[in-house]
**Student:** 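Sharing a structure here in structure tokens format.
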Amino acid sequence: MGRTLVKVKYVITCDRKFNVLRRAAIAFEDGIITYVGPEDKTPFSKQYFDEILVEEDGVAIPGLINAHTHAAMNLFRGVCDDLPLKEWLEKEIWPLEAKLSSEDLFYGNLAAFLEMLSTGITTFADFYYFKELIDALKIIPLRAIATVAFLDLVPDGEVYWRRFNELQKYFELADSVEGGLVKVALGPHAIYTCSRELLEKIAEVSEKYMLPVHMHVSETVDEIKFAREKFGKTVVEYLDEIGILNERMIAAHCIHLNEDEIRILGDRRVNCVHCPSSNLKLADGIMPVSRLLKANVNVCLGTDGAASANSLNLFNEMRNTILLQRGISLNPTFPNAREALLMATRNGAKALGLEETVGSIEVGKKADIVLLDGGSPRLLPEHNLVSNIVYSCTPADVLYTIVNGKVLYCRGKFSNINTDSILKIFSERALKLLSG
Ligand SMILES: [Zn+2]
């Protein structure tokens with residue numbers, strides 16, 4: 001992979017001290033960061049590097065982390081924009097999913113990866129079809145959490161139980177992507193699609209192999225009613241009783257929560273993934289982010305799938321996060337832009353169990369880096385760069401997306417990828433699904 005030096009105007013490290021460096025350089029070798037600091041103190045000669053990227057106006061930030069998505073659902077973007085979640089899922093999405101072929105999913109994934117790279121996303125936690133995700137990651141190598149989905153309260157639900165005997169196969173598939181880019185998570189879909197026995201088994205297996213558990217939690221009012229009627233409890237109380245809530249839990253949505261539930265989520269060190277665009281568009285509600293943060297919950301951000309949120313764009317989600325909290329709390333001081341950027345980087349890394357690997361630009365971490373165009377009208381003037389990134393920046397300001405030390409996207413072009421043919425096949429397959 002070689003040695004690369006990146007010279008930029010600013011590095012926003014998102015490290016523990018939130019250091020912002022001016023006229024700085026980042027060096028990395030074989031995908032691992034070896035230097036971050038002032039440009040004139042770089043401890044290597046020019047000849048040492050195979051590649052030197054100089055961006056006079058560049059602003060380096062850690063690669064953004066999309067902690068909850070369903071990548072191949074890009075196939076269904078715009079299919080049914082105006083339905084409640086239950087109807088959307090049961091009447092529209094599940095019948096379409098029954099028609100999906102492996103090829104459809106493969107191209108759906110590739111299209112989503114192209115979109116994510118163009119919006120500065122380097123890592124994502126996927127919750128969909130495992131094998132086709134892996135096949136696509138071999139073509140476009142982003143960093144990913146691949147989720148083994150489980151749901152048994154559906155027709156043929158018993159087939160998912162067999163997956164516990166096939167875990168080795170999933171580990172091998174994840175390892176078949178080069179560079180250690182893929183980790184496995186267990187994914188109970190939700191409390192209304194999984195039996196208690198299934199959730200208990202998942203908690204046990206997660207403990208045994210130290211695997212993250214990726215789950216939809218307290219997403220809709222219907223789900224709250226379901227828990228109340230079926231178990232006489234709130235969703236979080238029910239999950240806590242099962243023993244599945246801990247620091248390995250990646251809980252997507254977490255919208256409808258009372259104070260007790262928020263306290264439990266904090267005590268159990270659960271990671272909550274805020275997907276504001278999806279939640280608003282499906283009219284699900286608003287996650288109480290401020291209250292969760294105050295209860296020491298690790299809050300991170302996700303785009304959800306393109307079928308529900310339509311766009312895999314974490315700049316939108318950072319901005320929406322702040323604006324929504326201010327709208328519901330009437331408090332203009334918390335959370336702020338810095339906290340939103342951390343949710344999209346450091347907090348996301350922690351949620352996915354990748355805290356030591358990515359989420360900040362620091363020596364020893366993987367070189368997952370995004371370079372923004374600091375000369376863009378949206379990033380000027382430089383009174384407050386972080387504020388510009390959260391409130392004003394768009395994916396059009398992404399110059400480079402670097403994953404594991406490799407430039408995968410640069411100025412609108414994808415490295416070594418035949419984008420035109422991928423998107424043509426993807427688009428044709430998506431249209432065919434709807435017409436058949
Ligand atoms: Zn989801």
Side-chain angles (χ1 to χ4, degrees), residues 65-81 83-94 96-97 100 105 108-109 112 115-116 121 123-130 132-133 144-151 153-154 160 185-194 199 202 212-224 226 235 239 249-257 270-287 299-314 316-317 320-321 343-344 348 351-352:
I65 297 180
N66 183 1
H68 178 70
T69 192
H70 312 271
M73 285 190 121
N74 267 42
L75 289 161
F76 304 143
R77 168 179 284 141
V79 164
C80 44
D81 278 340
L83 286 177
L85 180 74
K86 193 170 152 51
E87 256 181 272
W88 175 85
L89 206 55
E90 291 175 3
K91 292 204 179 130
E92 299 285 343
I93 297 299
W94 285 346
L96 278 174
E97 285 178 344
L100 285 172
L105 289 162
N109 279 318
E115 182 176 356
M116 287 197 271
I121 293 168
T123 297
F124 65 102
D126 191 64
F127 194 128
Y128 216 31
Y129 292 84
F130 198 101
E132 291 80 1
L133 181 82
I145 299 292
T147 303
V148 186
F150 291 91
L151 54 169
L153 301 180
V154 291
Y160 291 92
L186 304 174
H189 173 262
I191 57 149
Y192 54 91
T193 43
C194 297
L199 293 172
I202 286 169
V213 174
H214 186 183
M215 181 172 186
H216 299 93
V217 175
S218 286
E219 185 174 4
T220 62
V221 172
D222 281 345
E223 183 181 338
I224 307 309
F226 179 91
V235 176
L239 291 173
M249 170 60 82
I250 307 164
H253 307 305
C254 299
I255 295 170
H256 304 285
L257 304 169
V270 168
N271 308 286
C272 294
V273 190
H274 186 28
C275 307
S277 297
S278 165
N279 301 156
L280 289 175
K281 183 161 162 285
L282 287 165
D284 288 333
I286 300 171
M287 183 200 257
V299 178
C300 55
L301 299 182
T303 61
D304 213 348
S308 54
N310 296 52
S311 165
L312 311 181
N313 173 359
L314 282 176
N316 270 349
E317 307 303 352
N320 285 341
T321 297
M343 285 180 213
L352 308 190

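All figures in this text were calculated on a predicted structure; none of them were measured in a lab. As the structure lists them, so they are numbered: ligands from 1, and atoms in each ligand from 1. Residues take their numbers from the sequence shown, with the count starting at 1.
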**Student:** Using 30° and 60° as the class boundaries, would you call the ring planes of His216 and Phe127 parallel, tilted or perpendicular?
**Tutor:**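 Rings of His216 and Phe127: tilted, 30 to 60°.
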
**Student:** Check whether the side chains of Asn320 and Ser277 place a donor and an acceptor atom closer than 3.5 Å, and report yes or no.
**Tutor:**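 Yes, side-chain donor-acceptor contact under 3.5 Å.
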
**Student:** For the Zn ion (ligand 1), which protein N/O/S atoms are closer than 2.8 Å?
**Tutor:**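 Those protein N, O or S atoms (cut-off: under 2.8 Å from the Zn ion (ligand 1)) are His68 NE2, His70 NE2, His216 NE2, Asp304 OD1.
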
**Student:** Pairing donors with acceptors under 3.5 angstrom, does anything connect the side chains of Tyr192 and Glu219?
**Tutor:**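 There is no such pair (donor and acceptor under 3.5 Å, judged by atom type) between the side chains of Tyr192 and Glu219.
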
**Student:** Distance check, rounded to the nearest 0.5 Å: Asp284 atom CG versus Leu85 atom CG?
**Tutor:**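 Reported to 0.5 Å precision, the distance equals 5.5 Å.
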
**Student:** Can you tell me how far NE2 of His214 sits from CG of Leu352, rounded to the nearest 0.5 angstrom?
**Tutor:**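 Interatomic distance, Leu352 CG to His214 NE2, rounded to 0.5 Å: 8.0 Å.
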
**Student:** Can you tell which of Thr147, Thr193, Val213, Val148 makes a side-chain contact (heavy atoms from CB on, under 4.5 Å) with Pro188?
**Tutor:**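 Exactly one pass, corresponding to Val213.
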
